[in-house]
Every structure is written in C-alpha cells, then in structure tokens.
Number of protein chains: 2
Amino acid sequence: MSSTYGDQMTTIKDVAKVANVSTATVSRVLNNSDKVRSATRERVNTVIQELNFIPNAAAVGLQRKKTKTVGLIFPDASAYCFAEIIQGINRHLSQNDHQILISSAHDEAEEIKIINGFVRGGRIDGLIMMMPSANGNNGFRIPLAYKIPEVFISCEINAPRSTTILLDNYNAATEMMEHLSKLGHKRIAFIHGGEHNYDAHERYRGYMDGMKAYPTDGELNLVVMGNFTESSGFQATLELMKRNPRPTAIFAANDAMAIGAIEAARALKLRVPADLAIVGFDDISSAAYMDPALTTVHVPLRRLGHLAAEAMLKNLKTNPADRTTEKIIIPLQHIIRRSCGSE
Amino acid sequence: MSSTYGDQMTTIKDVAKVANVSTATVSRVLNNSDKVRSATRERVNTVIQELNFIPNAAAVGLQRKKTKTVGLIFPDASAYCFAEIIQGINRHLSQNDHQILISSAHDEAEEIKIINGFVRGGRIDGLIMMMPSANGNNGFRIPLAYKIPEVFISCEINAPRSTTILLDNYNAATEMMEHLSKLGHKRIAFIHGGEHNYDAHERYRGYMDGMKAYPTDGELNLVVMGNFTESSGFQATLELMKRNPRPTAIFAANDAMAIGAIEAARALKLRVPADLAIVGFDDISSAAYMDPALTTVHVPLRRLGHLAAEAMLKNLKTNPADRTTEKIIIPLQHIIRRSCGSE
DNA sequence: TCAGAATATGTAAGCGGTTACATTCGAATA
DNA sequence: TATTCGAATGTAACCGCTTACATATTCTGA
C-alpha cells in the first residue's frame, strides 16, 4: 500500500537539496527567525514555492510540542445552534493559523474519554468546551490538570486559569419578565429547557426572580419542564393550559419551545398574544417569520464563537503561570415582536 | 515556558522502564500485533493503565504516515443543517478511532488553501467535503491529485475513485410536483435557493420537469431566485404575488424560504393553503409547528453524515488502486402536512 | 540432555522537522 | 595583507514512536 500522502510528499530535505543549503537553513527561513542572508532566504523561498512545500505537521508537532490545533467538544444533542458558534470559532482561529479538532460527546464519560485522548495524545494545544450541562452543581468534574488553556462556553466549571464565556441569560430573562409584567401579566408560566442545562437554568433563575420582583396573582407554580424541542414546548403548553386560572403569558427557555407553544395555543383556539402571550429565547432565524412574530432574546452566536477563539489564542500565547481566570459575560438584547402583545 | 503537555507527558520510554521491557515490546502490545508473551503483555498493559499512557499522535503519525484524522470542509454560509451532518459523521468516525479536523471556507480560493494545508501538511488521511456550490458546471476545480480518499456531500465533482453522497432531490421534487398537480394546481411557482447550489439546482430541475410533465396554464415563468433564508422567501413571494394571474402554489427550495413565504402570504392576507399552497424542502424541526404545518420533504441529515463516514472508513481501508468511484443517492420521502391543502 | 527450531524480546535506524553548537565566511580593522 | 569577530550556515542530536533485523529465550524431539 502506498503512502498516504500520495507518494510525493515533499520534505525539507528536498527543498534543501534544490536550494543548495542545509535543512537547518530551510527551517530558519520557514520560521523566519534568525539571521538568514536575504539572498539565501529568497532562493529558499522560491524553491519552497516551486515544490509547493508545506512542513509536515507531525514532524513539527513532535519537535515543538505544539500542534496548532484546538480541540472543540460539543454536546451530541441539540444541534441547533452549534454550527454558528463553530463558524465563529473557526473563522478567527483559522485566520490565526490554528486548526480545530472537533468531537461531540453525549455524556460525561464519553466526554472525558475524548478529552483524555486529545490531551494525552498530544493532539491539541488548547480545549474549547461547549457543555451546557456540565456545571458544578451536578457533579460534573473534568480532570483539569492538563495545563493547557481551557475555554468553557455556557458552563460554570470554575477551573482556575480558564476562560469562561457566558451569555447574560439571567438579566435578559429578568428584563423579559419586566417587560411582560409591564404589559400587565400576573400569571406568567415558564417552560424550562432542562435542569442541568446552564443556559436553561439561568433563564429559569431570571424568571423566578422576576416572579418575585413583579406583582403576581399570589403564590404560583407555573414552571414545567421541557427539553428545548418544539414538541416539548407544545406538550408543556397543553399542560399549562389545564391550570385554572390559566397563565396569561408563557416564557419559553428557547425559541423552538416557544414555537411549539404557539402551535399548542392554536390547537387550543387561543389567540396569541390576545389570549396568551408567548416569548422565547435565542432569536433563531425563523422567529421573525412566525405568526405572530416571536418576541425573544437575541443571542449572538457567531460573536460567542469569536470571543472563545480570541480567548483561546490569547491564552495560548501567555505563559501558563501568567494565565488568569476570566469570565466573559455577553450582554443580551431582547427583540420585541408581536407574540408578547406589546404592539 | 513549560511544555504544552503540562510537564508530565508520559512516553513509551517511561512505560518501558517501569515494565522492564524495551520500547519495542511496549509498541508491540500497543498495536497488539506480533507475538508478545501474554505475561509480558499483561504486565505492560498494567503499566500503561497506571501511567495513563496514550501514545503521542505526532510521533505515531510521523512514523506511520497516518493521522487517523479526517478533514471536513463545510461552507461558511448557511449553517442551518451542518451541525447534524457533522454529528452523524463524528459519531461513526469516533467509534472507529478517527478524529475530525474541521474547517469552513467561504469561497473556492480559501477552500483550496485549507485543503492544501491539510493535505500537504500531512494532517489528514482523508477528506470529506460539503460544498453544495462546488459543482462541475461552475468551473470549480479542486486539485485532486492528493490520492487520499475523498467523500463529497451534495456536490458533483466526479473525481475518480471518490465517493459522492447525494440526496435524491430531483425525484423528491418531481414527486412533490405530482402531488401539487394532483391537487389541481396549474400555476406552481418555485423559489430557487441559488444557481450554484447543487441541492437547489436539482430541486429546480425536478420542478421544471414537473412543470413539463403535468398540466399547466400555458407557458409560465414562475421561478424566482432566493438564497435559502426566510427573508429571501418572503421577498420572493411578494414578488410572485404580483403576477397576474397569480400562482396558486409555491414550491420553495427549502423550509426556511417556505416559512418566509407563509409569512408573506399572511402579510398579503392570503390564506394558506386555501388561496395559496406552500411547500418546502428539508423538514426542519419546526416545520411541523408552523401554521399551517408545512408540507415538505424529509432530509435525513444524521444518516447522510453516517453514510459519509462509512464511505470514508471503507476507502481508508482499501488500497488506493482498488478504490472505486461511487455515488450514493439517498432516497427522500415527502411529508404531507397542511400547507399544501391536501387535507 | 542438548541441538535446532520457533518464538519472544532487544537494538538501533529512521520518520521530518528544529535547534544547540560548531564551523565557515566575509567585512572591518590594524 | 593578515587578523579578528560577528553573521551566516552547516552538523548532528533529538522529539516519541515503529519496525527490520539481531539476539536471546523457550520449546521441541531425539
């Protein structure tokens, strides 16, 4: 069986030979370090161009102990927003000459296995984790002694010297509650996205505190559990509408569930927003095209990805001992459309 | 600055020393090849466990000229379905001990640059490309002399010995046309997704042939260009509804545009499906929760990813000379809901 | 019991780069 | 022109692993 590289991999030796210099010199011009006479540099560069030479990543990695690769772990479930985050990450990383090694995991055990393989196998220089269900509160513990830069997205691991990027779910949620309250709602229900999901939990907290802060019809329990899917939002709404008296507004922890909620309202012949106000979270692209258009909170996913990449690159450049623990919170803006009845 | 691996990378030498054997023997048990006495094997394995040793990927790769990594290129735009495909690919690949190096590109030049880096840098063993706009007809030509396995998703490059995975867009589209025709529609419009997009183009072809095959109100030109977004579907519909006589049905090349179309109909006070039937393509998760629920064509994205990974692994195992050119076409099923007016 | 075969293990040369150190070169100075 | 010294380049070891080949060990059977 022939070589993977198609039999014609060009090596630094080939370049050296053609350019009539030693491999050391070629290496020097590659890493445009040191002093190389400009005539020599030019000659070598020409040969590099001619031979279309790109240094073998394994060889460089072995020597330098750097792979220029960042690991990216994301959950197996709920694909709905990760592509955009990935693109945000990728754009910035690839502009800075770094690659992404990606993998998804469906549970903690698999996650740890993947990370272990990446790190101990020396495949990555840093790790970005999107694990909304991996929070301190549910006992998730990644063995974090790897000493490579870590960036967490939407989870509060609180690992020392790591960067955490969070959405300001809580404040966005309380603001949404304020908005609903101002519209006169006193019985606002919440469709949760999963107890162990960070974003869902924070949105829930915001909801709860909103319920405390603003006037309600007495002691209410209007929270039902969903799982971020349209169908769970649909079911949850059916369930909620059995209550007596009924909620006058529903705050769904994401847009997909809000869409399910709208559909359920329709099935129950309830007018949205007249009989029931419904708001979501995420501002997915179709939210503006619902009937009624969905009031929601905009989440800048690309930007989130960009920030993660930025943090990673920064940490990659700084000495481990000088790395700080950072928490970046992205402020969120709500988008008022028709489904909340404010127009 | 300390080593990336956190100062304590365990090497095969460490294992050898502790197990009191040579590195060759450790290597043998790692690759459970050759004959190693079972007592020795056991002892070595114990040490490997104890030290949590995982061979350095760069070292292995350098020696073996195999990285156990597959490159994955996807377009920068239109993120909407890629996450699921990626998950499909990842699941199967990681179960078979392969990693994914991912990157997105926004044009051909960038694409080629990325691929070149991946391949000549020896970073990958095979390449999966999702480039719906990279078709033979628009002059896109990747330099394909890399001799590594290539799998193309939704593009017809016709590279020899490569595998191409395609959706049966054409037949699904003609069937959709048949369905609309049977419902009595004679003026069916089409919202295109982009001339250079493979899927969009095939759906368009199916539409056109359907228009020829089934009765229409004379010579019609009811095609307008969109770009797969809700807003483009909205605009396109506004445009189409200016025609006189109006189309009685709209076939959008994807669900997002169909959603935009429904919203436009609503804005124009047209009832869907009574005044205007609307159908889409993709079966995104919210399609069933529209009002009316969207008639569409289901696209099994995870399965698509799985098939791509499967093809890749197979090709990775077969001698380049024995690799065949394959084209896998995934049959598609349409989902009849309310928006076409068939109930 | 021991020669010889078969099997298990060790030795060392690379894989393709980087880099410390040695060497050579060229320009400046005396 | 000879000497000196810094800059440019070359030499070779090494990164962690695999593997061809050499060597050691065990197992046969006479």
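Throughout, a chain's letter reflects where its sequence line sits, starting with A, and its residues are numbered from 1.
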Report task. For the pair B:K68 and B:D97, find out whether any cationic side-chain nitrogen is under 4.0 Å from an anionic carboxylate oxygen. Result -> yes

Of the listed C:dG17, D:dG16, C:dT9, the closest approach to the B:T40 side chain comes from C:dT9

Taken to the nearest whole Å, CG/A:L30 to C1'/C:dT19 is 14 Å

A:R64 CZ to C:dG16 P, in whole Å, measures 18 Å

So what does B:V26 touch, heavy atoms closer than 4.0 Å: a base, only the sugar-phosphate, or nothing?
nothing

When rounded to whole Å, the NZ to C1' distance for the pair A:K66 and C:dG17 reads 17 Å

Atom CE of A:M9 and atom P of C:dC15 are separated, to the nearest Å, by 10 Å

*State whether A:K65 places a side-chain N or O below 4.0 Å from either non-bridging phosphate oxygen (OP1 or OP2) of C:dT18.*
no

Quick note, B:P55 side chain, CB onward, closest among C:dT18, D:dC17, D:dG10 is D:dC17

Applying side chain to side chain donor-acceptor pair (under 3.5 Å) to B:S38 and not counting sequence neighbours gives none

Salt-bridge criterion met for B:E326 and B:K314 (N-O under 4.0 Å): yes

Rounded to whole Å, the CZ-C1' distance (A:R37 to D:dG10) equals 13 Å

Under 3.5 Å, N/O pairs linking protein and nucleotides 12-14 of chain D:
from   : atom 1 : to    : atom 2 : distance (Å)
D:dC14 : O2     : A:Q63 : NE2    : 3.3

DNA chain D nearest-nucleotide lookup for B:F53 and A:S22: closer to the 5′ end is A:S22

Point to revise | Lys/Arg N to Asp/Glu carboxylate O, B:R303 vs B:E84, below 4.0 Å | key: no

Residue pairs passing the ring pair (Phe, Tyr, Trp, His ring centres under 6.0 Å) test with at least one member in residues 48-69 of chain B, sequence neighbours excluded, are none

Rounded to whole Å, the CG-P distance (B:N56 to D:dT18) equals 10 Å

note: B:N31, atom CG; D:dC17, atom P; distance rounded to Å ~ 11 Å

Taking every heavy atom of B:A159 against every heavy atom of B:F152, the minimum-distance pair comes out as CB-CE1, 4.0 Å

Whole-Å distance, A:L62 CG to D:dT18 C1', equals 12 Å

*asked:* Categorize A:S27 for me: base, sugar-phosphate, or nothing, with a 4.0 angstrom heavy-atom threshold over every strand shown.
replied: base

Overall bend of the helix from C:dT1-D:dA30 to C:dA30-D:dT1 (five pairs an end, 10° steps) is 50°

Side chain to side chain contact (heavy atoms under 4.5 Å, CB included) filter on A:D14, not counting sequence neighbours, yields A:T10, A:T11, A:L51

Sequence neighbours excluded, the answer for side chain to side chain donor-acceptor pair (under 3.5 Å) partners of B:H98 is none

Q) Taking NZ, NE, NH1 and NH2 as the nitrogens, is one of them in B:R323 or B:E150 under 4.0 Å from a carboxylate oxygen of the other? A) no

